[in-house]
There are 2 protein chains.
Amino acid sequence: MPRKPSYDRDALIAQARDIFWRQGWAGTSLKDLERELNLKPGSFYAAFGSKDALYALALERYAQDGVSRLTAMADEVGPLQALKTQPQIVISAKEMPARACMLAKTFAELQAKGHGLADKAGAHLEEMKECFATLFRRAQAAGEIGAHHDPDRLAARYQSDLLGLRLSAERDDVNAIELASDIAADLDRL
Amino acid sequence: MPRKPSYDRDALIAQARDIFWRQGWAGTSLKDLERELNLKPGSFYAAFGSKDALYALALERYAQDGVSRLTAMADEVGPLQALKTQPQIVISAKEMPARACMLAKTFAELQAKGHGLADKAGAHLEEMKECFATLFRRAQAAGEIGAHHDPDRLAARYQSDLLGLRLSAERDDVNAIELASDIAADLDRL
DNA sequence: TATATACTTGAGTGATCACTCAATAAAGCC
DNA sequence: GGCTTTATTGAGTGATCACTCAAGTATATA
């Protein structure tokens, strides 16, 4: 009896993620979303409930994709090589809506106001950090990295470096490729 | 014949800087500013012209203070020691409105929209980077750092590390003190 | 084909946005 | 004290914000 929606919900979430990623939370109006997603207000609210709810879905999608891409690469080339390759990957993709991390941008924009989305972004950042820590642990188990290092501390530093790199890569006056290779080179000294 | 304003313009700019720094551009409304600065709309616009004009003044003040504090410290303890101390300074100040860099936050928030304030923030970031480069050059001249390093490249990496650190320091799950000392420790290996 | 059940549409909601301006108050100079 | 000049005030501007909802439309089942 029912009628099927004419849109692909998953595709809309991915599209919304790209818009939010580029423009931020306050920088994206409902008008923007309605225009880009080709959705009238009624359909939008029927599908997602609110701007914040869609933003939360976009954040989740972003974080899931990030973790799964990294772990897939680690399974292919090994944990250390994956960590060394990641910096150049995150800055090179020309098709990406922004170089800076969406989780970091969301956290920075909304944390001061106590917005719930900042907490969600922070939790996803923590997941990512744990993902890095797991790779460092696997690299240690494989003998690629000295066992005397604290993998959680390495992960925190590595994530911080990546966040700095990705923000710097948005600038015209920074050579992001040099920066990425310097970060990767540090991993060889562990 | 004229009447003097009842407020201290410089103090108002500093106060506005703190609010913008914490809440961002879109996150700060005229109502917020009027309430915190204790200024009615008419006085506000007579004094500053627009929200963006005040934001630009706040950015300038922020950047000037940053450069002068760092160079003052370098004159006191030497360039390398200043660079090594800076990380713990930027995360430790409890009286600061935010740990993350205001220039970075502004740039990240407004760059995608092509807002002029993003360009200003980017220019100030470049000034800061040049300030770091000068200190690295002075450290090399003093024999504190190997002469084979490119000071501009060191500065770019150092600034990126600081931006990552300061963003990470806003999070509850990151040990910013460890992070800061790890960044400082890297400078000893140059 | 008839009907039930959703999806689609777009004008419209009150709230808030950055900002304006005419009226009023206060200070310096005569 | 009177006059000039500027600061202060706060109600009000149109625009945009996120969001609503009743009416219309399309589709899967019976």
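We name chains A, B, ... by the order of the sequence lines, and we start the count at 1 in each one. In what follows, every heavy atom counts, from backbone to side chain, and hydrogens, waters and symmetry copies are set aside.
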| said: Quick check on dC19(D): is either OP1 or OP2 less than 4.0 Å from any side-chain nitrogen or oxygen of Y45(A)? | reply: yes
| said: Among residues 9-23 of chain B, which ones have heavy-atom contacts with DNA chain C below 4.0 Å? | reply: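 Result for residues 9-23 of chain B: none.
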Regarding [X] and [Y], does a basic nitrogen lie under 4.0 Å from an acidic carboxylate oxygen?
X	Y	value
R17(B)	E60(B)	no
R157(A)	D150(A)	no
R22(B)	D18(B)	no

Just the rounded figure in Å: distance from [atom2] of [N] to [atom1] of [X].
X	N	atom1	atom2	result
N38(B)	dA7(D)	CG	P	17 Å
Y7(B)	dA26(C)	OH	C1'	14 Å
F44(A)	dG10(C)	CZ	C1'	16 Å
R35(A)	dG10(C)	CZ	P	16 Å

| Looking at F136(A) versus F132(A), is the centre-to-centre ring distance below 6.0 Å? |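 Between F136(A) and F132(A), the centre distance exceeds or equals 6.0 Å.
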| task | Please report the closest heavy-atom contact between M102(A) and Y62(A), naming both atoms and the distance. | result | N-OH, 3.2 Å
| field | Degree of bending in the helix from dT1(C)-dA30(D) to dC30(C)-dG1(D) once both end axes are built from five pairs, to 10° | value | 10°
| message | Counting C-beta onward and ignoring hydrogens, is there a side-chain heavy-atom pair between S181(A) and Q88(A) closer than 4.5 Å? | response | no
| query | Within the structure shown, what part of the strands sits under 4.0 Å from F48(A) by heavy-atom distance: base, sugar-phosphate, or nothing? | reply |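 Here F48(A) touches no strand at all.
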| said: Using a 4.0 Å heavy-atom cut-off to protein, can you give one letter per nucleotide of nucleotides 11-17 of chain C, 5' to 3': B if the base is in contact, S if only the sugar-phosphate is, - if neither? | reply: B-----S
| Nearest 0.5 Å, what's the CG-NE2 distance between L154(A) and H149(A)? |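 NE2 of H149(A) is found 6.0 Å from CG of L154(A).
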